[in-house]
2 protein chains.
Amino acid sequence: MQRRCGKKDNWWCGRFKGLGYKLTFSRQAVLDVLSNTDSHLSAEEIYQRVYKLAPKVGLSSVYRTLELLVEIGLVSKYDFGDRRSRYELGQGIQGDNHHHHLVCTGCGKVLNYTDFIDQELELLKKTEKALSKKYNFRITNHLIQFYGVCRRCSDGKTAGI
Amino acid sequence: MQRRCGKKDNWWCGRFKGLGYKLTFSRQAVLDVLSNTDSHLSAEEIYQRVYKLAPKVGLSSVYRTLELLVEIGLVSKYDFGDRRSRYELGQGIQGDNHHHHLVCTGCGKVLNYTDFIDQELELLKKTEKALSKKYNFRITNHLIQFYGVCRRCSDGKTAGI
DNA sequence: AATTATTTGCCATTCCTTTTCAAAGGTTAA
DNA sequence: TTAACCTTTGAAAAGGAATGGCAAATAATT
């Protein structure tokens, strides 16, 4: 089966080939799943969705693909405290959908928010600059998360009690 | 062996007993270790240090103690991306040693910094307020981390290459 | 000192993630 | 197209952090 770069000629094809990586069936599948969701999927969840499209793709390939995607900056990897990594497409600091996360410690739900992002960026830039100089760090990224309890959970609808 | 609350009568004794928890030998040991370091130890590392003082204390007790300490707010639990939790004494939002972290993605080293903390707090408060209202979240905590490459690592002294 | 509920240590287990390795696949050149 | 090359894959096993079960030990109280 000879495909130029995937039938749909997705925007990531060039990115892949440019770096010398092969755009394989498994990788396509993972990218397809990631680009068709707005939740923060775990590797296992991604695998399950991939499975429906392509049952032959193995879990390790999903892990390996995710690792690669994170490495080349197409995907961000997060830890929301539920003991498994979660992945999200896009999300570069300068990207158009830059956002931060609001995590409910009750049910684990994660919201994206973009409020005050501009002010944050301003402060962060200043901080980054100062820290770079003071501590000799070349800062490449940052993470901001808020934790709290969502309405549903604080209304006592949580499991337990 | 009858001890009032530990021979040293540490500040955390009251906190413990007030909440109905027993101040046991194992718990003392974990607290001793945590209060005598300024690095960000993992459970395993804490266990190793506890082991030197008290070889009979088991790893699970260390885990259980840490869980308890986090729960009652004496200890903060962090994820710096090296696939294990790390723990730090103190660190309440309002505490006197409130700080954030600067993580080197090369060697994993973690620095505490307090620069711009005040401005950060101001922005965070504003953000928290807005998010609380907008998303119906009762926000209890936040996390800010910077990632980058420390001097030593960027000088190519890292393992590999 | 006796009592009681909590906590511990040890061990096994769970769960997420990584590794191993032969087989399959994509890419390029002929 | 075919052949050759190196990459990538799937399946299964291994690795490693964290948790659970249970009898024995222990802190606090009587």
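Computed from a prediction, not measured in an experiment: that's the story for all the values here. Here is how names work: the chains are called A, B, and so on, in the same order as the sequence lines, proteins then strands, and each is numbered from 1.
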ask   = Going by atom types alone, do A/H99 and A/E88 pair a side-chain donor with an acceptor below 3.5 Å?
value =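 Distance-only check passes for A/H99 and A/E88.
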
message = So for B/R83 and D/dG15, does any side-chain atom that can act as donor or acceptor lie under 3.5 Å from a complementary atom in the base?
response = no

Could you check how far [atom1] of [X] sits from [atom2] of [N], rounded to whole Å?
{"X": "A/D82", "N": "D/dA18", "atom1": "CG", "atom2": "P", "value": "14 Å"}
{"X": "B/F25", "N": "D/dT26", "atom1": "CZ", "atom2": "C1'", "value": "12 Å"}
{"X": "B/Y63", "N": "C/dT7", "atom1": "OH", "atom2": "C1'", "value": "19 Å"}
{"X": "B/L66", "N": "D/dA18", "atom1": "CG", "atom2": "P", "value": "10 Å"}
{"X": "B/E67", "N": "D/dA18", "atom1": "CD", "atom2": "C1'", "value": "10 Å"}
{"X": "B/Y47", "N": "D/dA17", "atom1": "OH", "atom2": "P", "value": "13 Å"}
{"X": "B/Y21", "N": "D/dA28", "atom1": "OH", "atom2": "P", "value": "15 Å"}
{"X": "B/L19", "N": "C/dT6", "atom1": "CG", "atom2": "P", "value": "15 Å"}

query = Just by distance, do the side chain of B/T37 and the backbone of B/L34 share a donor-acceptor pair under 3.5 Å?
reply =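 Answer holds: no.
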
For [X], answer base if it contacts any base atom (sugar-phosphate contacts may also be present), sugar-phosphate if it contacts only those atoms, and nothing otherwise; contact means non-hydrogen atoms under 4.0 Å.
{"X": "A/S42", "answer": "nothing"}
{"X": "A/S60", "answer": "base"}
{"X": "B/R64", "answer": "base"}

ask   = If each of A/A43 and A/K56 is mapped to the nucleotide of DNA chain C with the nearest heavy atom, which maps nearer the 5' terminus, i.e. the 5' end?
value = A/A43

message = For a quick test of reading the model, state the closest non-hydrogen atom pair linking A/L143 to A/Q145 and the distance between them.
response = CD1-NE2, 3.5 Å

request  = Would you tell me if any nitrogen or oxygen in the side chain of B/S85 comes within less than 4.0 Å of OP1 or OP2 on D/dA18?
outcome  =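 So the side chain of B/S85 is within the cut-off, an N or O lying under 4.0 Å from OP1 or OP2 of D/dA18.
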
request  = Examine C/dG26: is either OP1 or OP2 under 4.0 Å from a nitrogen or oxygen in the side chain of A/T24? Give yes or no.
outcome  =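 Answer no for this pair, as no side-chain N or O of A/T24 is under 4.0 Å from OP1 or OP2.
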
request  = Determine, stepwise, if the pair A/H142 / B/H100 fulfils ring-ring contact (aromatic ring centres under 6.0 Å, His included).
outcome  = CA-CA 11 Å; A/H142 67 259; B/H100 295 309; over 10 Å; no

Check ion pair A/R86-A/D82 (N to O, under 4.0 angstrom) =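 So A/R86 pairs with A/D82 through a salt bridge.
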
